[in-house]
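Encoded as structure tokens, the structure appears first; notes follow it.
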Amino acid sequence: MKILNVGQIRDLDAFTIENEPVSSVNLMERAAQAFCWWFCNQFVNTRPVTVFCGQGNNGGDGLAIARILSQKCYDVRVYIIEHTANTSADFSENLKRLSDHLTPFQIRKETDLPDLSEKTICIDALLGSGLSRPAEGIMAKVIGLLNTSRNKVVSVDIASGLFIDKSNQETDPIIQPLFTITFQLPKLAFFMPQNAVFVGEWRIVDIGLDTVHLLQQHTPYYYTDSAHAESIIRPRNKFSHKGTFGHALIIAGSYGKIGAAILAGKACLRSGVGLLTLHIPECGYEIAQISLPEAMVSVDVDRKFNTALGSVSSYSSIGIGPGLGQEDATAQMLAKLLTEARLPLVIDADALNIISQHNDLLDKIPAKSILTPHPKEFQRLAGETANDFDRLETGRKFAQKYNIIICLKGAHTAVILPNGDVHFNSTGNAGMATGGTGDVLTGIITSLLAQGYPPEHAAILGVYEHGLAGDRAASRKGQSAMIASDVIENLKID
Ligand SMILES: NC(=O)C1=CN([C@@H]2O[C@H](COP(=O)(O)OP(=O)(O)OC[C@H]3O[C@@H](n4cnc5c(N)ncnc54)[C@H](O)[C@@H]3O)[C@@H](O)[C@H]2O)[C@@H](O)CC1
Ligand SMILES: [K+]
């Protein structure tokens, strides 16, 4: 699914209006109906509803929503924030359509602000994608009122005051909704951790914008939905044998962190690899043989750390990093591997930290290698950034410069491809914010690479399936009780 910028969204609306054709007020009606469909499924009509409208098209949506909910027997009250002399045509038309018993209250100054102490669901239709500057004056006061009231707030399209495709300042007044119900496409702002409280839970409702025009839009931003992930999966051929699915090598573990190697190895096996070799320090030998009988073990000469590899030319994929430690000898082994490897690697955790400390290694990373940093690891690699939009831009430049793939881990992990395209993930949950889940991801992606998935697909699909397994684990165990091993047990890539 594509993620468009403000200008492209405006063009898509206009194209649909002209080419379907549909009048713009009827498109607004469709948007309002779609919002109300979600709303009525979520909230019973015994709860009073208060709709706060600006004077543009987002406010027009609000007026249409108020009318439709009132027709569905919700007890509705409407407030219009008179912040400008200019109202949009569709706002004016929807104002005319409000029946007499829904006469809106006007808010022009602070003393007009309503008392929100009674329980009501607040619908935020103040400002939408037309936001051109931070909210101020009476608009900012209304935003402040909604944020401090104890009522549930649902934003129409996007929280009022939040920019769709660029960063806000920390002091900007922005609605903090429980839900955002957005039209047709997710918005870039939804994927930035800094915006978490300004988005809440978000849902997309379809308003029938032109799909052909949408297909023609160029954007670097995508959202990995189930349809896209499933289109990547390769069915397993009936006549295949273990050689068909490759031989993965995972280099991981150190004294006290052999578990990281086991988790990565087990996830690799559960993701469909033909054969797996684990390279671990000698102290992990028995642990690995007992806990992972399906894997072969290559034992390092050092007892506690990985320090020296034999030839790696026979492997179909190589993952390195989980629990590795940052000993000098380990760093030298990594440098040698980066120089000798003839295939894309999966590079995680301490392997990334070693590269951060030896910047000359960046140029040696084999093309299309997949790096899986969490935000702190990425900061060590690429430096400080001003905000999440800036970090994403830095990530795009970094991926292009070094011809690598970066899986920037987070609630919506961003898979940044060597051409600068970004695929935000749709699966996963806060139960996965626990030790070992990163090792699992390394194992999954290494497995997919071994099976011959192109690196771009291995990264996008691996991140998606990792999150999906986490979601299955959460629904069975709950987010607090689940651990990384549960993610592995819930993998099902087919
Ligand atoms: N016909 C269409 O194009 C559709 C538009 N829709 C709705 O229309 C919204 C976009 O509408 P608009 O483009 O009219 O814009 P908004 O309703 O977001 O904003 C209204 C106007 O307020 C002004 N403004 C910008 N920032 C401001 C600020 N900080 N304080 C005060 N005023 C400010 C701008 O001049 C803007 O035109 C979408 O978010 C969506 O809710 C939907 O009805 C779907 C169809
Ligand atoms: K809004």
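Sequential numbering from 1 along the given sequence is applied to the chain's residues. When reading the values below, keep in mind they use all heavy atoms of this one structure, side chains included, and skip hydrogens, waters and symmetry mates. For ligands, and for the atoms within them, numbers begin at 1 and follow the listed sequence.
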Does [X], backbone or side chain, put an N or O under 3.5 Å from an N or O of ligand 1?
X: Ser24; value: no
X: Leu126; value: no
X: Gly128; value: yes
X: Met28; value: no
X: Ser88; value: no

Ligand 1 versus [X]: contacting region, heavy-atom distance under 4.0 Å:
X: Met139; answer: neither
X: Asp61; answer: side chain
X: Ala125; answer: neither
X: Asn57; answer: both

- [ ] In sequence, state the C-alpha distance, the side-chain angles, and the governing distance for Tyr223 and Phe191, and then conclude on ring-ring contact (aromatic ring centres under 6.0 Å, His included).
- [x] CA-CA 10 Å; Tyr223 181 56; Phe191 300 100; 5.4 Å; yes
- [ ] Tell me, please: is Ala135 in heavy-atom contact with ligand 1, that is, under 4.0 Å?
- [x] yes
Can you tell me if an N/O/S atom from [X] lies under 3.4 Å from the K ion (ligand 2)?
X: Val156; value: yes
X: Leu127; value: yes
X: Ser155; value: no
X: Asp124; value: yes
X: Ile158; value: yes

List the closest protein heavy-atom neighbour of [atom]: residue, atom name, distance to the nearest 0.1 Å.
atom: atom 1 (N) of ligand 1; result: Ile17 CD1, 3.9 Å
atom: atom 22 (O) of ligand 1; result: Leu127 CD2, 3.9 Å
atom: atom 15 (O) of ligand 1; result: Gly130 CA, 3.2 Å
atom: atom 21 (C) of ligand 1; result: Gly56 CA, 4.5 Å
atom: atom 2 (C) of ligand 1; result: Asp13 OD2, 3.6 Å
atom: atom 17 (O) of ligand 1; result: Asn58 N, 2.9 Å
atom: atom 26 (N) of ligand 1; result: Ser132 N, 3.0 Å

Flag for [Y]-[X]: side-chain donor and acceptor within less than 3.5 Å:
X: Asn353; Y: Asp350; value: yes
X: Asn425; Y: Thr224; value: no
X: Ser167; Y: Gln194; value: yes
X: Asn5; Y: Asp165; value: no
X: Asp90; Y: Ser24; value: yes
X: Asp124; Y: Ser160; value: yes
X: Ser92; Y: Thr87; value: yes
X: Ser426; Y: Asp225; value: no

With heavy-atom distances below 4.0 Å as the criterion, list the atoms of ligand 1 near [X].
X: His83; answer: 31 (C), 32 (N)
X: Pro134; answer: 29 (N)
X: Asp157; answer: 38 (C), 39 (O), 40 (C), 41 (O)
X: Ser129; answer: 9 (C), 10 (C), 18 (O), 38 (C), 39 (O)
X: Leu27; answer: 45 (C)
X: Leu131; answer: 18 (O), 25 (C), 26 (N), 29 (N)

Taking only distance into account, with no hydrogens and no angle test, what donor-acceptor pairs under 3.5 Å do side-chain atoms of residues 70-82 form with protein atoms, sequence neighbours excluded?
from: Ser70; atom 1: OG; to: His101; atom 2: NE2; distance (Å): 3.3
from: Tyr74; atom 1: OH; to: Phe43; atom 2: O; distance (Å): 2.5
from: Glu82; atom 1: OE1; to: Arg108; atom 2: NE; distance (Å): 2.7

Task: Verify atom 38 (C) of ligand 1: protein non-hydrogen atom under 4.0 angstrom away - done: yes
Open item on the list: Under 4.0 Å and counting heavy atoms only, is there anything from the protein next to atom 8 (O) of ligand 1?
Closed with: yes
Judged by atom type as modelled, is there a donor-acceptor pair below 3.5 Å linking the side chain of [X] to the main-chain atoms of [Y]?
X: Arg30; Y: Ile207; value: yes
X: Asn151; Y: Thr120; value: yes
X: Asp390; Y: Ala386; value: yes
X: Thr437; Y: Met432; value: yes
X: Asn147; Y: Ile174; value: yes
X: Gln451; Y: Ser447; value: yes

TODO: Report yes or no: is the cationic atom of Arg234 (NZ for Lys, CZ for Arg) closer than 6.0 Å to the six-membered ring centre of Tyr453, at no more than 45° off its axis?
DONE: yes
Task: Winner among Arg133, Gln184, Lys187, Glu136 once heavy atoms are compared against atom 24 (N) of ligand 1 - done: Arg133
TODO: Nearest 10° is fine: what angle sits at the K ion (ligand 2) between OD1 from Asn58 and OG from Ser160?
DONE: 100°
TODO: Verify whether the ring centers belonging to Tyr222 and His423 lie closer than 6.0 Å.
DONE: yes
